[in-house]
Amino acid sequence: MFELLIVDDEKFVVDNLASTYPWEDLGITAIHTAHSAHEALQIIQFENIHIVITDIRMPGISGLELIDQIHKLSSKTKCILLSGHSDFSYAQHAVSSRAVAYLLKPVKEEELIQTVQTAIDQIETEWKEVTSHQRTLYTLSEHLPQLRSALLNDLLQGKYIPPLMLNKKLTMFNLPDQRDQLFAMMFVRMEQGFSNYDDYSRSLLEFGIVNISEEIFAEKFQLWQCKDIYDYLVFVITPKDSGFLSGSEMNEQKARKILEKLSLQLQDSVTQFLKGSVSVLISDWGSYPDQIYPFYQNSISIIRRHPENLHGFFISSKHVVPPAEFQPLRNLYEPPMLIHLLEAGRFSAVEDKFMSIIDELRTKKGYTYEYMQETALMLGSAVLQTLHKQGLLLEQFADIGILKATDHETLASIDSLEKWGTTMIDSLREHAVKETKGSHHTIIQKVQEFVHAHLDQDVSLQSLADHVYLHPAYLSKIFKLETGEGMSDYIYRLRMEKASHLLSETNEKIHEISRKSGYVNPSHFSRVFKKYFNMTPDEYRSRET
């Protein structure tokens, strides 16, 4: 839960603090060590360090300078200073540097434990404040435009959002709940007059277009906008007055005339103030939110019939022939798509997604073979793209049937397509699991060989991670998953086993056994040994004799 970093240029001090204190009782799950301020700063750049215990007097960068630099890198990290000298200037600097405490060596175990507990309490209090209701609301208000845009994009792409969840999000994002009310959609496409701008300049122009739109439509309409996957600005337009469209078809026609007038005004304003042209499409009136997805698909197909133009078009979808009965499978293209789930290795989600597509296929009354072909090609393409991104060749997976996507046997029925797809997904899952286990086994084997060969030296997590070219945190995680034992516990156990063997089978002196077991300081070795065996090295040797 919490990670601790101990910094001191004296190795036996670091080892004593790291090994003999009951840190796990405080919820500290990872202990890092450094023998210089420079080494400590490197660790902090890559690890999520919550608490630092550091000596003040060290060669090079002092502990006081270290905590100043730590706060620049990570303002929430708590620092505890240790010193062998009672100096008022040190204490004064510690206070100004917002250190949790300034403790004198030799520090008592209870005092240090209590100080670390105080630091943990401060961290928890600060995070409670960060996640408080008021802070959440403040953060939410700052990100409302992005959140609203993301929600609208989800609806445009056909993502299903349960009604209760949609209502909750609309309320949270300060959007009116206009369920079952009429809406129109407006699409704005920037034309060739804007083609020479870079991405940053275009984003500023898009912001300007949104502001102009809100100014023009503000009197009678509410706008909810986003930028879609085709780089169009899409607006959902709803009347501010709920009775604006009620009564008769004549009212809808009148309202549409107003929309068309305002849209033309938008085109003129963009030309006048932003020195460029836009094409604008206004859709029919539809029922919110159920018709957002079909209206969006229909409008996109209409825009495609009008190529980019220097001066811009005004496009009306009124009286457009309704889309044909044949429409793309909604579940096939609703995010997250098959390719994204496969790339993330989320095989259970891939299987659920594929089955939702199959279920939708079963509801279709026509064009079944066409739909099955589309589904098979999409899944096969997603699998092939995923393999290639991993540096794998198709010939290595000839047995999973990627190229059978258009075979008569695969497309003979929906059931046969389902069987083909699930078999391929299961095969990929099995291969991924096997590959991961094999890779992890090799890594663990290399780590264990390195530890055995260097047990009498300073075997740190960082040195092991460097040996197998992995991040220390990731190596620590997979070692625990594969062996069921933490890295530090593993090294500690091996050292104690080696020490006990030497005590039983040789006449070597305690300080020699201490060195061969990886402990430079014999006193520290004796304390660690007693903690493990509940007796001193001398007592252990006497008992064995």
Side-chain angles (χ1 to χ4, degrees), residues 148-149 151-159 161 166 170 175-176 178-191 206 209-210 212-214 216-242 244-246 248-267 270 277-309 312-328 330 333-334:
R148 289 171 174 168
S149 176
L151 177 59
L152 180 53
N153 255 309
D154 284 344
L155 294 173
L156 295 179
Q157 299 307 316
K159 183 175 182 179
I161 303 175
L166 179 58
L170 291 171
L175 290 165
Q178 296 156 329
R179 182 167 297 278
D180 299 326
Q181 292 191 24
L182 294 180
F183 76 94
M185 299 181 85
M186 178 172 71
F187 290 71
V188 177
R189 183 177 69 192
M190 299 173 72
E191 297 293 6
E206 289 164 358
I209 292 171
V210 170
I212 292 172
S213 302
E214 290 178 341
I216 291 173
F217 286 81
E219 183 178 348
K220 296 183 181 296
F221 300 100
Q222 176 94 20
L223 299 186
W224 176 15
Q225 73 278 342
C226 72
K227 184 177 179 180
D228 74 354
I229 59 176
Y230 305 110
D231 284 341
Y232 300 153
L233 294 176
V234 183
F235 298 79
V236 172
I237 305 174
T238 51
K240 288 185 174 180
D241 180 3
S242 58
F244 186 74
L245 293 169
S246 62
S248 66
E249 184 180 345
M250 184 63 68
N251 286 348
E252 287 189 26
Q253 292 177 359
K254 182 179 178 182
R256 181 173 183 80
K257 289 293 183 184
I258 295 174
L259 282 182
E260 291 177 354
K261 178 182 177 182
L262 296 177
S263 300
L264 291 170
Q265 187 179 336
L266 169 62
Q267 279 187 307
V270 170
S277 60
V278 292
S279 288
V280 178
L281 177 143
I282 294 289
S283 77
D284 294 329
W285 293 103
S287 178
Y288 172 90
D290 297 335
Q291 290 186 297
I292 282 185
Y293 175 73
F295 270 45
Y296 175 75
Q297 293 296 329
N298 186 42
S299 298
I300 289 296
S301 67
I302 295 169
I303 292 175
R304 289 196 184 110
R305 300 172 200 162
H306 296 77
E308 291 185 357
N309 180 273
F313 294 104
F314 175 76
I315 310 167
S316 173
S317 66
K318 192 68 175 174
H319 305 307
V320 171
V321 177
E325 181 185 343
F326 178 73
Q327 288 290 322
R330 184 164 182 166
Y333 298 98
E334 179 184 4

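Source: prediction; values computed, not measured.
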State, to 0.1 Å, how close [X] and [Y] come at their nearest heavy-atom pair, and which atoms those are.
X      : Y      : answer
Glu334 : Lys159 : OE2-CA, 2.8 Å
Phe221 : Lys240 : O-CE, 3.3 Å
Phe295 : Asp284 : CE2-O, 3.2 Å
Ser287 : Gln291 : N-OE1, 2.6 Å

Report the C-alpha separation of Ser279 and Glu191 in whole Å, then their side-chain angles, then the decisive distance to 0.1 Å, and conclude whether the side chain to side chain donor-acceptor pair (under 3.5 Å) test is met. CA-CA 7 Å; Ser279 288; Glu191 297 293 6; 2.3 Å; yes
Val234 and Met185: side chain to side chain contact (heavy atoms under 4.5 Å, CB included), yes or no, with the steps? CA-CA 7 Å; Val234 183; Met185 299 181 85; 3.8 Å; yes
Students often mix this up, so state it plainly: with edges at 30° and 60°, are the rings of Phe183 and Tyr288 parallel, tilted or perpendicular? perpendicular
Which word best sums up how the rings of Tyr232 and Phe187 line up, parallel for under 30°, tilted for 30 to 60°, or perpendicular for over 60°? perpendicular
Atom pair [atom1] ([X]) and [atom2] ([Y]), whose distance is rounded to the nearest 0.5 Å:
X      : Y      : atom1 : atom2 : answer
Ile292 : Asp154 : CD1   : CG    : 11.5 Å
Ser277 : Gln267 : OG    : CD    : 8.5 Å
Gln265 : Ser213 : CD    : OG    : 10.5 Å

Go through the steps to decide whether Ile237 and Leu223 satisfy the test side chain to side chain contact (heavy atoms under 4.5 Å, CB included), and finish with yes or no. CA-CA 5 Å; Ile237 305 174; Leu223 299 186; 3.6 Å; yes
Return each pair, listed once, that meets salt bridge (Lys or Arg N to Asp or Glu O under 4.0 Å) where at least one residue sits in residues 228-238; pairs must be two or more places apart or across chains. Lys227-Asp231
Side-chain heavy-atom pair [X], [Y] within 4.5 angstrom cut-off:
X      : Y      : value
Tyr230 : Ile303 : no
Leu233 : Gln225 : no
Trp224 : Thr238 : no
Leu170 : Leu151 : yes
Phe313 : Leu281 : no
Leu266 : Val188 : yes
Trp285 : Leu259 : yes
Met186 : Val280 : yes

Suppose we screen for salt bridge (Lys or Arg N to Asp or Glu O under 4.0 Å). Which residues come up paired with Arg330, at least two apart in sequence or across chains? none
